[in-house]
Structure formats: C-alpha cells, structure tokens
Amino acid sequence: MVNFSNTVFKYKSEEDKSPTICGLNLDVKAGEVVALTGESGCGKTTIVRLINGLCPNFYEGDVTGDISVNGQNPSTQALFETAGCVGSIFQNPRTQFFNVDTTSEIIFAAENRGLDKQEIQNRFENVVSSFHIQKLLGRSIFELSGGEKQKIACASVAMMENDIIVMDEPSSNLDLCGIEQLRRIIEKWKAEGKTIIIAEHRLYYLRDLLDRLLVMEDGELIRSLNADEIRHLSTDKVNELGIRSLSMRDLLKGSVSQRGKEASGYRISELSYHYKSSDKGMCVRDLEIPTGQITAVIGLNGSGKTTFAKALCGLLKTQKDSIYIDGRKLSRKDRLRECFMVMQDVNSQLFSDSVMGELMLSYTERADKTRDEKEYVTKAEAILRDLDLYEVRERHPLSLSGGQKQRVAIADAVAADKRLIVFDEPTSGLDHKHMLEVADILKKLANMGKAILIITHDMELIKSCVGRVITMENGKPVDNYCLQDSNLNLLFEYFNKVITGHEPVTI
Amino acid sequence: MELGIDRDNYISVDPRTKMLLLVVFTLIGFRSTDIWIHCGMFTVMVLLMINGRLFAKAAKMFVVFALTLVMDHFADVLIPGGAQAVHIVAKMIRLFMPAIMGFSVMISTVKVSEFIAAFERMHLPDEVTIPFSVMFRFFPTIKEEWNDIRSAMAFRGLGFTMKNLLLRTSLIYECSFVPLLADTALIADELSAAALCRGLGANKKRTYMADVRLRPVDFLLVTVAVLLTVFEFVL
C-alpha cells in the first residue's frame, strides 16, 4: 500500500546539513498499523509528510528514490490528488482547522472533493453517530479541548473514507482521556482494514494495536519490531532503545528515584475563581505548595488545573485569595512578581532579539536594583552555562530548537529570581531523552529551593521527578499525596479510572 | 442533523449583503454629519446583531450610541464652555460605529464556509477566496495568542498597566508584537498545510453545503443601503 525504496529526502532550508531521510526502504501492507518512533529530528515526521505529499510539495526539498502510495507517487502529483487517498491528522489540534465551526470543518474535505450533496449528508450522519460527537456539532473550535479538537479532526478524515491514514504525533496535546478516545478511533479504523502510519513518541496507547514498530535514528530505520516482539519487550530493552514506555502498567511499577527535600512553601488557605461566562471555576482550600520539591497537578482537561495555576500566579483576578509564605500574606501583585509560568507554547513568551537580551529584560524587573548591571551580566552568564545555553547566548530566541526555547524561558525565571515556577505541559511532544532532560532541569530548580508546580498528563515525567501529586476534579483538589515507592499504584489507579470511566467513542 | 442550515441567525442574510453594508456604511459613516443617517445605519446594524444572537454586543452598542445622543443633547445646557469638545467626541464615536459594528457582524455571524460559498457565487477565483477566508479564520486565533502573550508579559513586569503603557511604550509595543508575528507566521504555515491535505485547491468543482443565496431580506437591506447612499451623496 505504501512503499519506499531507497528514498532520500533533503529539505531545501537545510542544504548544508545531511539529508533528513537517508535511503529509506519500507513496505507497509494494506491494513497494517505501523508506528514510527525515535528522537526528535530523526525523520519520522518527514516520512509522514512524504506520504501525504507535503514533502516536497509544501515543505520544499529534493526527493530521490521511489515512493509509491496506493500506486501513485505523492511527490509528483498535486496535493489534492494525494488527499483523495491519504487522510492526515496533525500534532497541533489548534492549527489544523480551516473553519471556525466544527460542523463545517467535518464536511470541509468532502466539499473540496466535490462529492454529491446527498452523499455528504449521509456520510456526515454516519460519522457523527459512530464518533458520538453530536454534542460537539455547531460549536466554535476555540471552545473545545485538545481531545475534542482531535476528535473533530478524525471525524473530518473519516468523512473522506480514505484507505490510508497518516498521523503526526496525534497524542501530543491530549490528556489521558483524549488519548484513550484516540486509541479507540484507531482501533475502529484498524478493524475497518485501513492502513495507518503514526509518527509518535508516546507508545503505551498503541501497544495492542500495532503490527509493527519502527525505531528511527538520524533518518534511518534502526529497528523493526513485530506485534509479538512489541508485546514482549522488556523494560530494559525499552530503555536501551531510548523510546517511551510501551505499557503504563510496567511504567508505574518499581521505584521512584530520590526526591528533593520538602520545605514549607506557599500555604493556600483559600483561593477561588469563577468564570463570568460559564458556571465553571475553581476553589482550593488548605493546600500547601512546598518549596524544594516538584509538585504535579494532574486531572482531565476542564478539571481546573490551569485555572488554579493562573490564579495562584496572580494572572486572574480571583474572587477570594489568601495565600501565605513564611507567615506573610501575598497580594495578587506580589504573586505576579514572585511567580513565573513556562507556557506550553513557549513562543509567546520570548520577546527579545537575543538570549542574553531576554535575561537582561528580567534584570529591569528585579527587586534589588542595588547591584550594577555588570555584576548582573556575570550572573546571567552563569545561569546560561547552567542551562546549557551559553553557546547560543547571542542567537535570536526564535531560531532555537523547542527544547532550547523552553530553557531560555526557564533562565528568565531564574534570572528574575522567581520563587515559584509553574510549567504547563513541559513535556508534551517530547521524546524519552528530552523528557528526561526536562526532568533533570526541574530537579535542579527544586534543589535551588524553588517551588516547582507542573501541570502534566505525562506519567513518565511524574515518575522520573515528581515528589508530590495533587489530583484535581471539577475545580477542586481531590487527592494530595507524597509520591513514594509504596504508593505508585495510586497513579496507576488514577490512570485506570480515567480511561475506563468516560463515554464511548466507537460502535 | 441537516447540513447547510444557518442556525446562528434567525433569518439568513447573504454574506455578500453584509459585506456591501460594511463597505457602504463605513464610507457614509466617515463622511456624514446627519444624525438621522447615523441613526438609520445604527438601527440596521443592531438588528443584524440581534438576528445573529449577539445580544450582549447589541446591548453594549446600544448603550454607547444612546450615550453619544445624550452627550449631544445635554452638552450645551450643562457645560456651555466645553460643549464643542463634547460634540466632537460624540461625533468621533459615531464616526467609527458603523465600521466596528459591521465588522463584528461579519466575523461573528458568518461562517468561513459561507464566505467561501459567497465568493464562489461572485465567481471570484480561489486566489481571492482563500486568503480572504483564512483572514476571517485568523481573528479569533490572534485573540487567543494575544491573551497568552499578555499573561507572559505580566510575569516579566511588562503587564499592560497604565504606568508601563506610558513610560515604556516602545518596549511594551515591541514585546507584544514580536511573539505575535512569530506565532501567526507559524500558525499560517501549519494551517495551510492542513487545508491542502484536506484537498483545498483542487481544480474540480467544489460542493457547497452552505445555503447562500439572495432572499427578500437581502433586497430589503440593499434598498436601505442604496437609499442612505442617495441621501448622503446625491441629495
């Protein structure tokens, strides 16, 4: 169905570098479900783009060797022709919609193909009932959660009734519940005999669906595992391959590594916020965010995690807030000064034209202006060295890689002497190695005596660095415990509860 | 659920009519000093807002418009010295109202798919249709990005406070626009890639589920627009 023989691909923008794909040979048969994994930059996304034709028709570059998708070559035919047999799901649910309302988006591809009106109506009704998305119809995509958006994207692809479906890191922006729904959609498509190729870091949800798992490195396939091997892969082997865990059960067994020492921190005696436009909101009473420790806030989308974090940092004008540190009450403005939030989309928080400039921007905001600027530069350089950014200190922040940008934002927080740093999904879309790097940095920050709060769905990250877990539901913390070897099962129970307790997706 | 039915508006108004009203009313709005013409345009726009279920917005606009009338009425009596300044402010507000309201009606009551259909009915080529429809997809996107950027700036002591806006104007300006441009460029790229993979730009005939056509109400609105133009430019 999909065939690569001796394919080499090189992006036009990277002419001085080695090709992204070097001599790929791959044969995917009809009805197979194949996952491509490997470190960021290994070329898995490029393979997906070669199949749906975006490379080289949209992202320009040179292709040599043969590619055949359903008997056609997507590099030489027009994109809309390839769209007729390949459906694509992308990583970022925010940017894959052409329309603003869900209903139009679902039928968009079918309209483009010029299908008969009655046919579109029939397919639409089928898709809506089999995806259980009645409730999502006619809504603005800006009100939907990541999981809901991805469901609409899948529905839109299902309307096309294509035999081949490619996905580029589809789970990156989803919560556990969203990932489970995505899994069920893939399961349904597999049962319908569709050929599915997924580039992905997170693998646990695909384990029982995969016919083959391909591990890539520097543009080449280095390992190919069949269904049987995937199911019997030992934890050691997974670590050796440097890929993300294949089973949540295995992951949440064993021991947690050494954690930082908790010290008293931010005591929240009451914090509440209610949105004007909806009945949603958040209310937290008697909770402590310790310093010197990494605290994870978990919970589904809409459980109030982000609202809680924003309210804590002083971003929202809360109805009630009494928060203390060392017996001192903090006003909203105090908190804004003491806290920092590293956002998921870190692009929107880098303002300067060089990395060093970014840090100097923080200088102007420091409480102790007594020290002179020179001393501050020395200090900033030390921070950059610490975060492995010294070499790129003169570069434009937006020209850096995703991980580097994230570290620049962290450096800003350290330079501004922030005491509470909040991370919103710091490892979404990261491979195993980079996830561990982030975990190390978080530990380093905690050891500096900072209070670290992370909002995350990434169980592997939690296991590798988090010391305290707060679970939120309906705007309230329902669980709060210190993570230890003996209670790792609490996380697994939570995981199980989440993936079994929600409405069905497929027939 | 039957497709192609406009559920956002009580009565469907063709996007072309709304576009025409936006253009004509903006031109008249900037030129006209006649209070009755302004009242007429305001009434049409408020009705379109209510028709599109934008009740809160309609109420807000009503209050603003009423306020300008009140200002005009009482200025001479209450503050004889500063009456002229008050009249100018009132006039300035009224000047922009048709444009702002027309734009708001356009963005909030017309779907992207209805736009594409309307453009197609005018036999415009894809090269015109696609950029225009993407533009309308972009306004809410920019709003979302803008909120993120503002929060990020607040943590850096660059919040949109009076003090910052007055004393560090250029820094605030730079810090908000650099990430906004970078973000939108990236989004535009990903958005185009996704749209192409959904078969946009195929040179065969596209199906339009959106039921876009001229109805009696459109002729009524166009007549109103023509009458106002005649009053303003001819009489």
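Chain letters run A, B, ... following the sequence lines, proteins first, then strands; residues in each count from 1.
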**Prompt:** Measuring from A:Phe108:CZ to B:Arg206:CZ, what's the distance to the nearest 0.5 Å?
**Reply:** 5.5 Å
**Message:** Please check if the number of heavy atoms outside B:Phe62 that lie under 6.0 Å from its CZ is greater than 12.
**Reply:** no
**Prompt:** Given the options A:Leu79, A:Val342, A:Leu315, A:Val100, which has more heavy-atom pairs under 4.5 Å with chain B than any of the others?
**Reply:** A:Leu315
**Message:** Please report the interatomic distance CD(A:Glu338) to CZ(B:Phe155), rounded to the nearest 0.5 Å.
**Reply:** 12.5 Å
**Prompt:** Using non-hydrogen atoms only, which part of A:Ala409 is less than 4.5 Å away from chain B: side chain, backbone, both, or neither?
**Reply:** neither
**Message:** Using every non-hydrogen atom in the two residues, find where A:Phe90 and B:Ala193 come nearest and quote the distance to one decimal.
**Reply:** CZ-O, 4.4 Å
**Request:** For each of B:Asp8, B:Ile187, B:Leu186, tally heavy-atom pairs with chain A at distances under 4.5 Å, and name the one with the top tally.
**Result:** B:Ile187
**Request:** Any chance you could measure A:Phe80, atom CZ, to B:Cys197, atom SG, to the nearest 0.5 Å?
**Result:** 13.5 Å
**Asked** Would B:Arg198 and A:Glu105 satisfy salt bridge (charged side-chain N to carboxylate O under 4.0 Å, His left out), going step by step from the backbone distance to the final call?
**Response** CA-CA 10 Å; B:Arg198 303 254 190 282; A:Glu105 183 59 32; 3.7 Å; yes
**Request:** Tell me, for B:Glu2 versus chain A, whether the close heavy atoms (under 4.5 Å) come from the side chain, the backbone, both or neither.
**Result:** both
**Prompt:** In Å and rounded to the nearest 0.5 Å, what is the NZ to OG1 distance from A:Lys333 to B:Thr161?
**Reply:** 7.5 Å
**Message:** So which atom in A:Phe98 and which in B:Ile116 form the shortest heavy-atom distance, rounded to 0.1 Å?
**Reply:** CE2-CD1, 3.7 Å
**Request:** Can you measure from CG (B:Leu181) to CG (A:Asn347) and round to the nearest 0.5 angstrom?
**Result:** 12.0 Å
**Complete:** Of the listed A:Lys418, A:Lys117, A:Gln121, A:Met343, the one with the largest count of heavy-atom pairs under 4.5 Å with chain B is A:Gln121
**Asked** What part of A:Ile107 lies closer than 4.5 angstrom to a heavy atom of chain B: side chain, backbone, both or neither?
**Response** side chain
**Fill in**
Answer key: most heavy-atom pairs under 4.5 Å with chain B among A:Ser140, A:Gly138, A:Cys339, A:Ala78 is A:Cys339
**Prompt:** Are A:Glu358 and B:Arg156 within salt-bridge range, i.e. N to O under 4.0 Å?
**Reply:** yes
**Asked** Side chains of B:Leu158 and A:Leu361: does their closest heavy-atom pair fall under 4.5 Å?
**Response** yes
**Request:** Mark yes or no for whether A:Glu111, through its side chain, and B:Met209, through its backbone, hold a donor-acceptor pair below 3.5 Å.
**Result:** yes
**Verdict with supporting geometry, B:Arg137 and A:Ile141, side-chain contact (heavy atoms from CB on, under 4.5 Å)** = CA-CA 11 Å; B:Arg137 159 73 170 78; A:Ile141 55 158; 4.0 Å; yes
**Prompt:** In terms of heavy-atom pairs under 4.5 Å with chain B, which of A:Gln349, A:Arg94, A:Glu125, A:Arg113 leads?
**Reply:** A:Arg94
**Request:** Measure A:Asn57 against the heavy atoms of chain B and call it side chain, backbone, both or neither at under 4.5 Å.
**Result:** neither
**Message:** With a sphere of 6.0 Å drawn around CE of B:Met162, does it hold more than 12 non-hydrogen atoms of other residues, nucleotides or ligands?
**Reply:** no
**Prompt:** Would the number of heavy atoms belonging to other residues, nucleotides or ligands and lying under 6.0 Å from NZ of B:Lys18 be above 12?
**Reply:** yes
**Request:** With rounding to the nearest 0.5 Å, note down the distance linking CG in B:Asp189 to CZ in A:Phe58.
**Result:** 4.5 Å
**Prompt:** At their closest point, which heavy atom of B:Cys175 faces which heavy atom of A:Phe351, and how far apart are they?
**Reply:** O-CD2, 2.8 Å
**Message:** Heavy-atom cut-off 4.5 Å, strictly under: side chain, backbone, both or neither for A:Phe340 against chain B?
**Reply:** both
**Verdict with reasoning, B:Thr141 to A:Thr95, per side-chain contact (heavy atoms from CB on, under 4.5 Å)** = CA-CA 9 Å; B:Thr141 313; A:Thr95 57; over 6 Å; no
**Asked** What heavy-atom pair brings A:Ser348 and B:Asp183 nearest, and what distance separates the two atoms?
**Response** CB-OD2, 3.5 Å
**Message:** Taking side chain as everything from C-beta outward and backbone as N, CA, C, O, which of these in A:Asp353 sits under 4.5 Å from a heavy atom of chain B? Side chain, backbone, both or neither.
**Reply:** neither
**Request:** Counting only heavy atoms closer than 4.5 Å, note whether B:Ala210 contacts chain A via side chain, backbone, both or neither.
**Result:** backbone
**Item:** Heavy-atom proximity to chain B below 4.5 Å, by part of A:Asn99
**Value:** both
**Proximal component of A:Ile120, with respect to chain B [non-hydrogen, under 4.5 Å]** = both
**Prompt:** Is it the case that more than 12 heavy atoms not belonging to B:Tyr173 sit under 6.0 Å from its OH atom?
**Reply:** no
**Request:** Would you mind telling me which of A:Thr103, A:Leu137, A:Leu115, A:Thr82 has the largest number of heavy-atom pairs within less than 4.5 Å of chain B?
**Result:** A:Leu115
**Prompt:** Does any heavy atom of chain A fall under 4.5 Å from the side chain of B:Glu190, the backbone, both, or neither of them?
**Reply:** both
**Prompt:** Which region of A:Tyr59, side chain (C-beta onward) or backbone (N, CA, C, O), has a non-hydrogen atom less than 4.5 Å from a non-hydrogen atom of chain B, or is it both or neither?
**Reply:** side chain
**Request:** For each of B:Leu180, B:Asp148, B:Ile149, B:Val178, tally heavy-atom pairs with chain A at distances under 4.5 Å, and name the one with the top tally.
**Result:** B:Ile149
**Message:** If we define contacts as heavy-atom pairs under 4.5 Å, which of B:Lys205, B:Met153, B:Arg7, B:Arg150 has the most with chain A?
**Reply:** B:Met153
